[in-house]
Amino acid sequence: MTIDLNNTRFLKNTTGQMLAATDYQLGRANALAGVVGSQQSTQLYTRNNVSSTAGELTTELRFAIQDGQRFRAAISELNSDITEGTEIVENLLSQYHQPRGQRTLRFGPQNVPPSGKEIAVVSDQVANTCISKVTKFSQINQSSMARSFGIIEKVDGLVTGQVNSEQRPESYLRQLLNS
């Protein structure tokens, strides 16, 4: 059961880190969109034989931001599910360590305290459900987010090298924060 608890805590921590990383990427994308959006749509950005206009970059960033927002909502929901699963496993573990007669937990229609084995089986089922949810989530969202993060990296590389320091994304973010 300790393994189940460690697994669900690890998943909870991982989904929390995914949320933080997504928030960071969305912040970068929004800052880049502010920089690119302030340029004429025909402004050309070139780096390492890759060229795009400000209009094209704005369109790509819009897609990356929308996709990132959908991903963030999905990861937030997954994080809530994993947090709930972790709390269930923590409760099961605390019940497991109590003598059977003192357990407040009840399973099924018998209304009797469950055995340690019954608690372990349910704990394992909850942990496996959490792992399954994360696996399914990764399969569904991994390529989409890699594409969106790739767009953000591409735009950052094109834009940051060609604008003066006052127009860089970090300056734009500072302006937003100070206003």
Side-chain angles (χ1 to χ4, degrees), residues 1-34 59-157 169-170 172-174 176-177:
M1 287 195 45
T2 301
I3 292 171
D4 295 337
L5 181 59
N6 288 339
N7 284 342
T8 57
R9 283 182 177 163
F10 172 78
L11 293 173
K12 180 180 173 186
N13 186 36
T14 300
T15 56
Q17 290 174 353
M18 290 169 67
L19 267 175
T22 302
D23 287 342
Y24 170 76
Q25 292 291 3
L26 282 170
R28 285 180 63 205
N30 281 311
L32 286 165
T59 300
E60 287 186 66
L61 282 170
R62 215 175 281 129
F63 165 79
I65 290 168
Q66 288 172 348
D67 207 31
Q69 289 169 336
R70 278 191 297 275
F71 180 77
R72 192 199 187 292
I75 192 67
S76 181
E77 183 178 326
L78 177 65
N79 190 40
S80 294
D81 289 349
I82 300 303
T83 298
E84 182 180 332
T86 302
E87 290 169 359
I88 291 169
V89 172
E90 286 172 342
N91 184 30
L92 289 168
L93 188 59
S94 73
Q95 291 286 309
Y96 180 81
H97 290 296
Q98 293 180 9
R100 187 171 185 174
Q102 295 177 5
R103 294 178 183 156
T104 57
L105 187 63
R106 301 288 187 264
F107 292 153
Q110 293 100 359
N111 199 25
V112 295
S115 69
K117 184 176 181 176
E118 290 171 318
I119 292 173
V121 167
V122 173
S123 172
D124 192 47
Q125 289 171 344
V126 171
N128 286 337
T129 298
C130 290
I131 291 168
S132 174
K133 285 181 179 186
V134 170
T135 301
K136 182 179 178 184
F137 177 85
S138 294
Q139 291 169 344
I140 292 170
N141 293 290
Q142 189 172 16
S143 64
S144 173
M145 282 318 300
R147 184 178 60 245
S148 294
F149 288 175
I151 290 169
I152 295 166
E153 289 300 320
K154 171 190 154 190
V155 174
D156 192 16
E170 56 271 16
Y172 184 74
L173 275 175
R174 271 190 230 105
L176 286 174
L177 292 172

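Just so you know, these numbers use all the heavy atoms, side chains as well, and skip hydrogens, waters and symmetry mates. We count residues from 1, following the sequence as given.
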Q) In Å and rounded to the nearest 0.5 Å, what is the OG1 to CG distance from T86 to N79? A) 9.0 Å
**Q.** Pairs satisfying salt bridge (charged side-chain N to carboxylate O under 4.0 Å, His left out), at least one member in residues 95-114, at least two apart
**A.** none
Q. Among side-chain atoms of R72 and Q69, is any donor-acceptor pair under 3.5 angstrom?
A. no
Q. Rounded to the nearest 0.5 Å, how far apart are CG of L32 and CD of E153?
A. 9.0 Å
Output a table of donor-acceptor pairs, distance under 3.5 Å, between side-chain atoms of residues 136-143 and any protein atom two or more places apart or on a different chain; print 'none' if there are none.
unit_1	atom_1	unit_2	atom_2	d
S138	OG	V134	O	3.1
N141	ND2	F137	O	3.1

Q | Pairs meeting criterion salt bridge (charged side-chain N to carboxylate O under 4.0 Å, His left out) with involvement of residues 74-84, two or more places apart | A | D81-K133
Q: Decide side-chain contact (heavy atoms from CB on, under 4.5 Å) for D4 and V126; before the verdict, give the C-alpha distance in whole Å, the side-chain angles of both, and the deciding distance to 0.1 Å.
A: CA-CA 8 Å; D4 295 337; V126 171; over 6 Å; no
Q | Side chain proximity check, N91 to S94, heavy atoms < 4.5 angstrom | A | yes
(Q) Taking side-chain hydrogen bond (donor to acceptor under 3.5 Å, both in side chains) as the definition, give me every residue that meets it alongside K12, ordered by chain and number, with sequence neighbours left out. (A) none
Q) To the nearest 0.5 Å, what is the distance between CD1 (I82) and CZ (F10)? A) 11.5 Å
Q) Who pairs with R9 by side-chain hydrogen bond (donor to acceptor under 3.5 Å, both in side chains), at least two apart in sequence or on another chain? A) E90
Q.
To the closest 0.5 Å, what do you measure between SG (C130) and CG (N128)?
A. 9.0 Å
Q | Interatomic distance, L26 atom CG to F71 atom CZ [nearest 0.5 angstrom] | A | 10.0 Å
Q: Applying side-chain hydrogen bond (donor to acceptor under 3.5 Å, both in side chains), name anything that partners S80, two or more places apart in sequence or on another chain.
A: none
